[in-house]
Amino acid sequence: MIAIRTPEEIDGIRRSCALAANLLDALARWIEPGRTIREIDRRAGEMIRARGAKSPFLGYKNFPGHICVSVNEEVVHGTPRDARVQYGDLVSLDLGVVFEGWVGDTATTVALGEVSPEARRLMEVAEESLYFAIDKARAGARLSDVSHAVESYVTRHGFSVVREFVGHGIGRSLHEEPQIPNFGRPGQGPRLKAGMILAIEPMVNLGRPGVRILRDGWTAVTEDGKPSAHFEHTVLVTDQGPEILTVADGKAEEIQQKLKHGGGP
Ligand code: MG
């Protein structure tokens, strides 16, 4: 069963999502070449605690970090370590909070300085595919319409979607029903209803879709060693269309424009 949230529950999730978005925004601006991934994780943990929240990732199946930091060919679930991020890296940051009992979850990929044109394009297409898919999260649509939107957008632009990891429902727990793959035929699965809350998160590879897990048991990397990008929003289905909940202060207009252009020209 996919939960249908009451207005009070939605208010709670809305607050946790806004907090997650603000923290991710601040962290993304704080990162610079030379910082170690362990420092970035520690900083995120401090920021989350300073706001009276907790990380839903820390300790999840023994995950060792407050957030996931995944660099270049790392797809998702990168763990704290002493490696430094460098000029020219693509850095994916996945940040969740538990605040007053509700979870919010969001991710972005940032380029540190100049990256190759194809890496820049990968980031754009991955982000556009998220907005293209969010636009399909409408009452009356089917869940796989969202999944299909990611895949069709990404493949149309010559990149590939990761199939091993999925988006998810969210609420009291980080991962609730349903699972939201980033691929599939449209018109399948449950019908979306107002009050459902979905964390939609395309993971897009520049090369082939295959991934493998490093020896830390967590970090997923592309099998072909080419870069990957990851974007995520937590989204409320309403009778008036999708509403993105993970919006940082001052970013509402920008996000609304991206959603309106749902996947660019
Ligand atoms: Mg997620």
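Since the structure is predicted, the reported quantities are computational estimates derived from the model, not experimental observations.
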Using the ring of W30 (Phe, Tyr or Trp, six-membered ring only), decide whether R35 places NZ or CZ under 6.0 Å from its centre and within 45 degrees of its axis.
yes
Sub-3.5 Å donor-acceptor pair from the side chain of Q188 to the main-chain atoms of R185, do we have one?
no
Measure from the side-chain N and O atoms of T234 to the backbone N and O of D105, and report whether any donor-acceptor pair falls under 3.5 Å.
yes
Give a yes or no answer on whether the side chain of S70 reaches the backbone of G78 with a donor-acceptor pair at less than 3.5 Å.
yes
When you measure from the side chain of R172 to the backbone of G101, do you find a donor-acceptor pair of N or O atoms at a distance under 3.5 Å?
yes
Using atom types as modelled and distance alone, determine if a side-chain donor or acceptor of S147 lies under 3.5 Å from a backbone N or O of P181.
yes
Spell out, as yes or no, whether a donor-acceptor pair under 3.5 Å connects the side chain of N22 to the backbone of A248.
no
Check for a donor-acceptor pair, side chain of D89 on one end and backbone N or O of Q86 on the other, with a separation under 3.5 Å.
yes
M47 vs L27, test: side chain to side chain contact (heavy atoms under 4.5 Å, CB included). Steps then yes/no.
CA-CA 9 Å; M47 290 165 61; L27 190 69; 3.9 Å; yes
Check: N205/T222 side-chain N/O donor and acceptor closer than 3.5 Å
no
Between I200 and A137 the two heavy atoms that sit nearest each other are CD1-CB, 4.3 Å
For the residue pair R43 and H66, confirm or rule out a side-chain donor-acceptor distance under 3.5 Å.
no
Sequence-distant partners of H148, ring-ring contact (aromatic ring centres under 6.0 Å, His included), two or more places apart
none
T109 versus S92, side-chain donor and acceptor atoms under 3.5 Å:
yes
In chain order, what residues pass the side-chain contact (heavy atoms from CB on, under 4.5 Å) check against R191, with sequence neighbours excluded?
R142
Under 3.5 Å donor-acceptor, H168 side chain and L174 backbone
yes
Answer yes if the side chains of E201 and H230 hold a donor-acceptor pair under 3.5 Å, and no otherwise.
yes
By the salt bridge (charged side-chain N to carboxylate O under 4.0 Å, His left out) test, which pairs, at least two apart or in different chains, include something from residues 62-72?
none
Spell out, as yes or no, whether a donor-acceptor pair under 3.5 Å connects the side chain of E177 to the backbone of M1.
yes
Does a side chain donor of either T219 or H77 reach within less than 3.5 Å of an acceptor in the other side chain?
no
Audit row: C68, L93, side chain to side chain contact (heavy atoms under 4.5 Å, CB included) steps and yes/no:
CA-CA 6 Å; C68 302; L93 303 167; over 6 Å; no
Closer than 3.5 angstrom, by distance alone: can the side chain of D41 be matched with the main-chain N or O of V69 as a donor-acceptor pair?
no
